[in-house]
Participant: 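One structure follows; several queries about it will come next.
Below, chain A is the first sequence line, B the second, and so on; all start at residue 1. Everything numeric in this text was worked out from a predicted model, so none of it was measured.
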Amino acid sequence: MIMNTSKNDNYSSNCESLGKFFIPTKKDSDEFSETAKLMMKSGMIHKLSSGIYAWLPLGYKILSIVEKIISDKFEDIGFNRMCLPTLHPASLWIETGRYEVYGKEMLKIKDRNESDLVFGPTAEEACVDMVRNKIKLHDLPVKVFNIQWKFRDELRPRYGIVRCREFLMCDGYSFHETEKDALDFYDNVSEAYKEVFDELGLDVISKPAETGEIGGSKSHEFLIESEIGEDTAVVDGVEKSFMELGHIFLLGTRYSEPMNLKVTNSENKTNALVMSCYGIGVSRLVGALVEKYSVENGINWPKNIAPFKITILNMCKDSEKADKTCEKIRRKFSKTTYIVSGKKSPGEKFAVSDLIGSPIKIIIGNKQLESDSVEVRVISDKTHYIKIDEIIDFLDKVI
RNA sequence: CGGGGCGUAGCGCAGUCUGGCAGCGCAUCUGCUUUGGGAGCAGGGGGUCAGAGGUUCAAAUCCUCUCGCCCCGACCA
């Protein structure tokens with residue numbers, strides 16, 4: 001929708017389509033919460049049904065960036081990335097007794113043979129099935145994780161992707177010989193979680209929690225203060241609303257025992273493995289980030305999360321010099337530059353750029369162009385006027 | 001799952017009470033004007049009135065059923 005639509009394009013037509021990126025912004029949205037409203041207005045997500053959202057290119061870009069930050073951290077502490085299916089045979093859930101216990105949030109499906117399937121609301125059973133009969137003593141500890149869509153048939157979805165039915169979750173699973181090994185690694189993961197949230201600029205607290213339906217002996221949840229939080233915690237004597245972003249559990253033998261995940265140890269005894277699981281709501285995390293970085297008319301993304309680090313506002317209608325300057329910058333920073341141009345009004349261009357929220361905004365207007373300059377606004381810095389000849393060097397420094 | 005509300009053009013809505021040509025704003029397309037904070041004028045296109053059944057000469061409108069969505073509450077990752 002926003003693209004280079006200059007008619008005077010005989011010098012740039014070959015490249016024009018390269019800069020296109022589909023961002024259908026909206027003037028307004030009737031979403032209830034500010035976070036969901038902003039995500040709809042900026043063209044990040046589209047609702048298909050109650051609690052079921054499509055991720056448009058802009059939203060998916062942010063989701064992917066967050067996913068990468070989490071994934072890198074998990075690999076840093078020794079997890080191997082893998083991928084479990086979204087659909088699990090009901091038989092696995094019957095083995096642990098959760099098929100009946102989990103409740104109406106679990107989506108049960110039948111395939112063409114009338115076999116019962118489950119769209120996984122979580123994946124402990126699937127993961128155990130993947131590793132059982134394969135792990136030998138010398139393999140331990142085994143640490144795997146995946147980032148996969150989950151479905152929980154919420155009674156009442158709300159706040160856009162913050163509490164939806166289909167959501168992206170990073171779920172890690174570790175298997176240990178002893179409870180002590182499991183506990184040590186549990187602390188490593190807890191530390192890694194804090195580093196991830198720090199990297200994203202989120203003030204997250206961890207707090208001991210109930211293990212609930214999932215079972216196990218120890219758990220911590222990771223919470224962020226939020227207007228639309230649905231958990232409460234007491235901080236400094238004041239009860240506040242929090243949104244849960246992650247939860248880790250020391251599961252013990254809750255799954256390994258009934259599913260017969262065992263190894264024979266050095267004393268020739270066969271014991272059930274000690275299992276832990278670690279979850280982060282990746283798609284919900286994007287909601288928390290939008291809430292955190294939202295400003296008056298849009299968003300101010302920090303550089304390490306921004307879907308586009310640079311937004312160029314081409315205010316000129318038929319200026320070859322302006323178009324060529326856009327193209328010069330886009331070629332150098334092609335994956336992270338978004339150009340707002342065409343015959344839209346200046347107001348609309350600024351409004352769209354506010355919604356995209358790049359930390360660096362370059363404004364190409366007739367006034368500065370007369371002196372071969374452009375205006376560059378850098379978040380948390382002043383406005384610079386830079387000569388076109390020096391723009392690439394300047395951007396290299398601030399990006 | 002209980003209570004309430006809504007469903008009419010892509011989006012937001014009026015029309016429903018009192019049956020009688022399918023409307024308005026925004027968006028979109030065309031042309032001209034405008035170009036530093038979501039522009040102006042003119043013209044055009046776009047409809048399974050949520051769905052099914054019923055009443056009637058005639059149904060968006062009345063009746064019955066079904067579905068979907070939203071808000072509150074309860075429940076819960």
Participant: Between B:U30 and B:A60, how many Å separate the two C1' atoms, rounded to a whole number?
Facilitator: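 Taking atom C1' in both B:U30 and B:A60, they lie 32 Å apart.
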Participant: Provide, to the nearest angstrom, the distance between the NZ atom belonging to A:Lys344 and the C1' atom belonging to B:C26.
Facilitator: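 Result: 17 Å.
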Participant: Quantified in whole Å, what is the C1' atom distance between nucleotide B:C76 and nucleotide B:C6?
Facilitator: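 The same atom, C1', in both gives a distance of 27 Å.
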Participant: Rounded to the nearest angstrom, tell me the gap between atom NZ in A:Lys343 and atom C1' in B:C32.
Facilitator: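 Rounded to the whole Å, the gap is 11 Å.
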Participant: Would you mind reading off the distance between A:Lys317 atom NZ and B:G36 atom C1', rounded to a whole angstrom?
Facilitator: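 So the NZ-C1' distance, A:Lys317 to B:G36, works out to 16 Å.
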Participant: When you check the gap from the basic side-chain N to the acidic O, do A:Arg98 and A:Glu124 get nearer than 4.0 Å?
Facilitator: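 A:Glu124 and A:Arg98: salt-bridged.
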Participant: May I ask which nucleotide in the shown strands pairs with B:C67, Watson-Crick or G-U wobble, both distances under 3.5 Å?
Facilitator: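 The base-pairing partner of B:C67, which may sit in any strand shown, is B:G7.
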Participant: Who else is in the cluster with A:Val234 when I, L, V, M, F, W and Y are joined by side-chain contacts under 4.5 Å?
Facilitator: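 Cluster partners of A:Val234: none, it stands alone.
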Participant: Write down the distance separating the P atoms in B:G47 and B:U8, rounded off to the nearest Å.
Facilitator: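 15 Å, rounded to whole Å.
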Participant: Students often get this wrong, so: under 4.0 angstrom with heavy atoms, is A:Asp30 touching a base, only sugar-phosphate, or nothing?
Facilitator: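 Since only primed, P, OP1 and OP2 atoms lie under 4.0 Å of A:Asp30, the category is sugar-phosphate.
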Participant: Just jot down the side-chain hydrogen bond (donor to acceptor under 3.5 Å, both in side chains) partners of A:Glu375, sequence neighbours excluded, or say none.
Facilitator: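 Applying side-chain hydrogen bond (donor to acceptor under 3.5 Å, both in side chains) to A:Glu375 gives A:Arg377.
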Participant: Nearest of B:G38, B:C1, B:U35 to any side-chain atom of A:Lys104?
Facilitator: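 Closest of the options to the side chain of A:Lys104: B:C1.
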Participant: Which part of the nucleic acid, if any, lies within reach of A:Lys26 when heavy atoms closer than 4.0 Å are counted: base, sugar-phosphate only, or nothing?
Facilitator: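 Base contact.
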Participant: What's the gap between B:U16 and B:C72 when it is taken at their P atoms, as a whole Å value?
Facilitator: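 B:U16 and B:C72 have their P atoms separated by 30 Å.
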Participant: When you compare B:C62 with B:C17, how far apart are their C1' atoms, in angstrom units rounded to a whole number?
Facilitator: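 My reading of the C1' atoms in B:C62 and B:C17 gives 11 Å.
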Participant: A:Tyr186 vs A:Tyr278 aromatic rings, parallel, tilted or perpendicular, using cut-offs 30° and 60°?
Facilitator: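 Ring orientation, 0 to 90° scale: tilted.
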Participant: Would you measure the distance from the C1' atom in B:G54 across to the matching atom in B:C11 and give it in whole Å?
Facilitator: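 These two C1' atoms come out 34 Å apart once rounded.
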Participant: When the C1' atoms of B:C41 and B:G20 are considered, how many whole Å apart are they?
Facilitator: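 36 Å, rounded to whole Å.
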Participant: What residue among A:Glu125, A:Met130, A:Gln148 forms side-chain contact (heavy atoms from CB on, under 4.5 Å) with A:Leu84?
Facilitator: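 Single side-chain contact (heavy atoms from CB on, under 4.5 Å) partner of A:Leu84 among A:Glu125, A:Met130, A:Gln148: A:Met130.
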Participant: If we call it a pair only when both distances are under 3.5 Å in a Watson-Crick or G-U wobble match, what pairs with B:U16?
Facilitator: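 Matched B:U16 with nothing under the 3.5 Å cut-off.
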Participant: Could you tell me whether A:Ile364 contacts a base, only the sugar-phosphate backbone, or nothing, with contacts defined as non-hydrogen atoms closer than 4.0 Å?
Facilitator: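 Nothing, no nucleic acid heavy atom in range.
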Participant: Using a 4.0 Å cut-off on protein heavy atoms (strictly under), produce a 5'-to-3' string for nucleotides 67-76 of chain B with B for base contact, S for backbone-only sugar-phosphate contact, and - for none.
Facilitator: --SSSB-BBB
Participant: Return the nucleotide paired to B:C76: Watson-Crick means purine N1 to pyrimidine N3 with N6-O4 or O6-N4, wobble means G-U with N1-O2 and O6-N3, both under 3.5 Å.
Facilitator: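 When the pairing criteria are applied, nothing turns out to pair with B:C76, so the answer is none.
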Participant: Do the ring planes of A:Phe21 and A:Phe308 sit parallel (below 30°), tilted (30 to 60°) or perpendicular (above 60°)?
Facilitator: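 Perpendicular: the ring planes of A:Phe21 and A:Phe308 meet at over 60°.
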Participant: Would you kindly compare A:Tyr102 and A:Asp28 by the position of their nearest RNA chain B nucleotide and give the one closer to the 5′ end?
Facilitator: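 Looking at RNA chain B, the more 5' nearest nucleotide goes with A:Asp28.
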Participant: On RNA chain B, does the nearest nucleotide to A:Met243 precede the nearest nucleotide to A:Lys41 from the 5' side, or the other way round? Give the residue.
Facilitator: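 Result: A:Lys41.
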Participant: Taking a pair as Watson-Crick or G-U wobble with both distances under 3.5 Å, which nucleotide is matched to B:G45?
Facilitator: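 The answer is none; no pair meets the criterion.
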Participant: Roughly how many Å is it from CD in A:Glu370 to P in B:G36, rounded to a whole number?
Facilitator: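 Whole-Å distance recorded here is 13 Å.
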Participant: At under 4.0 Å between heavy atoms, what does A:Leu313 touch on the DNA or RNA strands: base, sugar-phosphate, or nothing?
Facilitator: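 No contact.
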Participant: Share the residues that join A:Val238 in a hydrophobic cluster, the rule being Ile, Leu, Val, Met, Phe, Trp or Tyr side chains under 4.5 Å apart at the heavy-atom level.
Facilitator: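 Its cluster mates, by chain and number: none.
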Participant: When rounded to the nearest Å, what value does the distance between C1' atoms of B:G38 and B:A50 take?
Facilitator: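 To the nearest whole Å, 32 Å.
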Participant: What's the CE-P distance between A:Met40 and B:C26, to the nearest Å?
Facilitator: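 Rounded to whole Å, this separation is 22 Å.
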Participant: With sequence neighbours excluded, give me every side chain to side chain donor-acceptor pair (under 3.5 Å) pair touching residues 28-42 of chain A.
Facilitator: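 The answer is none; no pair qualifies.
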Participant: With both distances kept under 3.5 Å, what pairs with B:G36, Watson-Crick or G-U wobble?
Facilitator: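 Paired with B:G36, as far as the under-3.5 Å criterion goes, is no nucleotide at all.
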Participant: Quick one: label A:Gln368 by what it contacts on the DNA or RNA (base, sugar-phosphate, nothing), any heavy atom closer than 4.0 Å.
Facilitator: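 If one applies the 4.0 Å heavy-atom cut-off, A:Gln368 turns out to touch a base.
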Participant: Rounded off to whole Å, could you give me the NE2-to-P distance for the A:His46 and B:G10 pair?
Facilitator: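 Rounding to the nearest Å, NE2 of A:His46 and P of B:G10 are 13 Å apart.
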Participant: Determine the contact category for A:Glu221: base if any of its heavy atoms lies under 4.0 Å from a base atom, sugar-phosphate if only primed atoms, P, OP1 or OP2 are that close, otherwise nothing.
Facilitator: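 Nothing, no nucleic acid heavy atom in range.
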Participant: Under the side chain to side chain donor-acceptor pair (under 3.5 Å) definition, can you give me all pairs with a residue in residues 73-87 of chain A, not counting sequence neighbours?
Facilitator: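 Every pair satisfying side chain to side chain donor-acceptor pair (under 3.5 Å) with a residue in residues 73-87 of chain A: A:Glu67-A:Arg81, A:Ser71-A:Arg81, A:Lys73-A:Glu195.
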Participant: Roughly how many Å is it from CE in A:Met315 to P in B:G36, rounded to a whole number?
Facilitator: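 Checked: the CE to P distance equals 7 Å.
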